[in-house]
2 protein chains.
Amino acid sequence: MAASRRPTLADVAREVGVSAKTVSRVLNEDGPASARTREQVLAAVARLGFQPNLMARNIRVGGPDTTIGLVIPDLANPFFGAVARAIEDTVGERGLTLLMGSSADDAGRERALTDKFLARRVSILMIVPSVGADHSHLKSHRAAGLPVVFLDRPGVGLSTDSIVSSNRAGAHDGVAHLVAHGHRRIGFIGDLPVKLYTRRERLAGYRTALQEAGLSYDRSLVANAHDQQGAATATAGLLGLADPPTALFAGNNMVALGLVAELARSNRKDIAVVAFDDVPLAEALEPALTVVAQDPEEIGRAAAATALSRLDGDRSRARTITVPTRLIVRGSAERPAPALQEA
Amino acid sequence: MAASRRPTLADVAREVGVSAKTVSRVLNEDGPASARTREQVLAAVARLGFQPNLMARNIRVGGPDTTIGLVIPDLANPFFGAVARAIEDTVGERGLTLLMGSSADDAGRERALTDKFLARRVSILMIVPSVGADHSHLKSHRAAGLPVVFLDRPGVGLSTDSIVSSNRAGAHDGVAHLVAHGHRRIGFIGDLPVKLYTRRERLAGYRTALQEAGLSYDRSLVANAHDQQGAATATAGLLGLADPPTALFAGNNMVALGLVAELARSNRKDIAVVAFDDVPLAEALEPALTVVAQDPEEIGRAAAATALSRLDGDRSRARTITVPTRLIVRGSAERPAPALQEA
DNA sequence: ATGAAAGCGCTAACAC
DNA sequence: GTGTTAGCGCTTTCAT
């Protein structure tokens, strides 16, 4: 079958015997139109299955497109999925549609995605910045009125709104909780790369908590992993040390999954655990997993609300919103530390 | 600061002292251009920060936009997140960008989203159909060459490609596994609404497995839930029956989370479980959770591959691709059934 | 209440 | 190698 051309405004106009502009008026409820004309137009639209070309409209009107560009590291990571849903819910009321892409935490892919989004004249740009990415090329866009929001991590080379979790305080609280249960050798498995903002912040919180407890920072207790498999390996590595930790802190949700899986596999019930970011079934584990929960819904909601207020003309200084984390005590930190060997 | 207009092709042309078409040629590597001109153009482009307006280009070229529209029930559901990632990976090689939206399993929202996508002239439309949605309005679009693919469930009123899991066989295998371990009273907690395709298929598989074992179908052992909380309630309800089940089958990932959480909360280690769709940490539970795993990556990949082949002119009959599920035995079905009370 | 013409930013089809 | 003209589908502006 021949691929029949999609009907245009002109087709509808011809069908009814009016001008294109009249059809446009009816459809956009712009200017006046007689009841009879309106009826006929609407009928023809339905008959032909006409759908206005939004791109053509946008071209002519000149304003930004009714889309919002969102760059996240991984569409399949539930944390970012939850953030995305909250964003969609909030901007959806304004009729904005989500244009999404995964950067895989690669600066080049992130740049390619943002460029694509800019070429589409998105009305808002939201980015989870990758390590090594520079955002100074966005200065002119922001100056021209494009709201740009950084999510989860601050961006580099551009002063604009950022929404982050209370990484440092959260990690501190989690580690302090382990300390309170008597642990003195606490391992830390962070995200990769090590320059990642969240990794550094959470490590800083870990170090502060150790310091407050008078514990020295032992580099050999710090490991890194970017996925579940790597976290399992890192866990096994730490537990295989000559002087192994009695407790472990997981730096993010993926690390938590690998870490907990490895402890289960090796049947190490004697290791205390706290994880940063909540995971499903945390409460069904034995013992139930104590976590420093993030609030992805609030991160997404705050990001969207901030961007919308910018869109509405808010020209105040760039702000950084820190969304609080919350320690959820479930039991996995309560394995008592073994009695000290020395003295 | 004044929102300065974004530079256009004409601006670049003026800056260099050439015609707009020449700039266009350089940028698209269309026709020839002297090395000197090319250089000057590129320099001006960089200087002005020019980015071609993709919408304007598309209007003129007339073809579909380089976007793919994807309607899923919930951006935050990890199953659909994994599907989306696989789609993005596959179509990304063709330079297509993802336009996404959540339908919340509502036919009206689904329709609003698809209409938006059509108005944007997406080159591919992928939909997880909601119960009650009719898709006959897409007939003309598909006839005009727009690839339409249904994901996870078949659509209604339109004959086109669909990608689904082997729901019936998978559920059958899971339930048969419970039967093999001696269970004769097996509860089923399915998704809502009850007319949902996957719910019905999986229930059918459950019934077949019972039948094969010579077990009668007991309506009181079938419950429903759409979220984790509801699944927990349903679980408690089934276990509170006068003649309660000794084993439970969870109809999807969300149900599985609620069901397992409830069993943990009420400390019911005596209940055997198999879940449809894998969940994180399944192997770390005690006992580890046996599941009928779906393959979201393959679903996404197959959907994208099918759509791309349509885009390349494949006009063969609509196909339904069934992606196999896989029973992953981990232990939660191995709680022996109690000895029969009677006879 | 409706229409004609011009133009948004870009490229196809011809010039030269 | 480069420029000119026309036109994609729509809306703005100005008529009538």
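Side-chain atoms are counted along with the backbone in the values below, which use heavy atoms only and exclude waters and symmetry mates. Letters A, B, ... are given to chains in the order of the sequence lines, protein chains preceding strands, and every chain is numbered from 1.
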Closest approach to the side chain of [X], judged atom by atom: which nucleotide of [options] is it?
X: B:Ser34; options: D:dG1, C:dC10, D:dT11; answer: D:dG1
X: B:Pro52; options: C:dC10, D:dC10, D:dG1; answer: C:dC10
X: B:Ala33; options: D:dT2, D:dC10, D:dG3; answer: D:dT2
X: B:Asn53; options: C:dG9, C:dG3, D:dT11; answer: C:dG9

Report all interatomic pairs (protein N or O, nucleotide N or O of nucleotides 4-8 of chain D) with separations under 3.5 Å.
unit_1, atom_1, unit_2, atom_2, d
D:dG7, N2, B:Arg60, NE, 3.4
D:dG7, N2, B:Arg60, NH1, 3.1
D:dG7, N3, B:Arg60, NH1, 3.0
D:dC8, O2, B:Arg60, N, 3.3

N/O (side chain, A:Thr37) to phosphate O (OP1/OP2, C:dT2) under 4.0 Å
yes
Would you please confirm or rule out a distance under 4.0 Å between OP1 or OP2 of C:dT11 and any side-chain N or O of B:Ser24?
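The answer is yes; a side-chain N or O of B:Ser24 sits under 4.0 Å from OP1 or OP2.
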So [Y] and [X], do their side chains get closer than 4.5 Å, heavy atoms only?
X: B:Leu113; Y: B:Ile127; answer: no
X: A:Leu138; Y: A:Thr160; answer: no
X: B:Thr306; Y: B:Met126; answer: no

Run the side chain to side chain donor-acceptor pair (under 3.5 Å) test against A:Gln51 and tell me which residues pass, sequence neighbours left out.
B:Asp115, B:His141
Select base, sugar-phosphate, or nothing to describe what B:Asn58 touches, counting heavy atoms under 4.0 Å on all strands.
nothing
Give, ordered by number, those residues of residues 112-125 of chain B having at least one heavy-atom distance below 4.0 Å to an atom of DNA chain C; if nothing qualifies, reply none.
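Heavy-atom cutoff 4.0 Å gives no residues at all.
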Let's see if you get this right: which residues in residues 38-47 of chain B place a heavy atom under 4.0 Å from DNA chain C?
none
Taking ring pair (Phe, Tyr, Trp, His ring centres under 6.0 Å) as the test, write out the residues that go with A:His135, two or more places apart.
A:Phe150
Would you work out how much the helix from C:dA1-D:dT16 to C:dC16-D:dG1 bends between its ends, with each end axis defined by five base pairs, to 10 degrees?
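That helix gives 40° between its end axes.
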B:Gly31 or A:Met55: which one's nearest nucleotide on DNA chain D is closer to the 5' end?
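Nearer the 5' end of the strand: B:Gly31.
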Could you state the [atom1]-[atom2] distance from [X] to [N], rounded to the nearest angstrom?
X: A:Asp30; N: D:dT13; atom1: CG; atom2: C1'; value: 12 Å
X: B:Asp65; N: D:dG9; atom1: CG; atom2: P; value: 15 Å
X: A:Asn28; N: D:dT12; atom1: CG; atom2: C1'; value: 12 Å
X: B:Leu9; N: C:dA12; atom1: CG; atom2: P; value: 12 Å
X: B:Asp11; N: C:dC8; atom1: CG; atom2: P; value: 11 Å

Return the set of residues passing salt bridge (Lys or Arg N to Asp or Glu O under 4.0 Å) with [X] (not counting sequence neighbours), or none when no residue passes.
X: B:Arg121; result: none
X: B:Lys116; result: none
X: A:Asp161; result: A:Arg310
X: A:Glu298; result: A:Arg301

To the nearest 0.5 angstrom, please state how far the CG atom of A:Asp105 sits from the CG atom of A:Leu196.
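If we round to the nearest 0.5 Å, A:Asp105:CG and A:Leu196:CG are 6.5 Å apart.
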Would you say B:Arg111's side chain and B:Ala133's backbone share a donor-acceptor pair under 3.5 angstrom?
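No.
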I need the full list of side-chain hydrogen bond (donor to acceptor under 3.5 Å, both in side chains) pairs touching residues 54-63 of chain A, with sequence neighbours left out, sorted by first then second residue.
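Qualifying pairs: A:Asn58-A:Asp65.
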Exercise: identify the closest heavy-atom pair between A:Val148 and A:Arg142
CG2-CB, 4.5 Å
Could you go through residues 79-87 of chain A and list every donor-acceptor pair under 3.5 Å that involves a side-chain atom there, pairing it with any protein atom two or more places apart or in another chain?
unit_1, atom_1, unit_2, atom_2, d
A:Arg85, NH1, B:Asp74, OD1, 3.2
A:Arg85, NH1, B:Asp74, OD2, 2.9

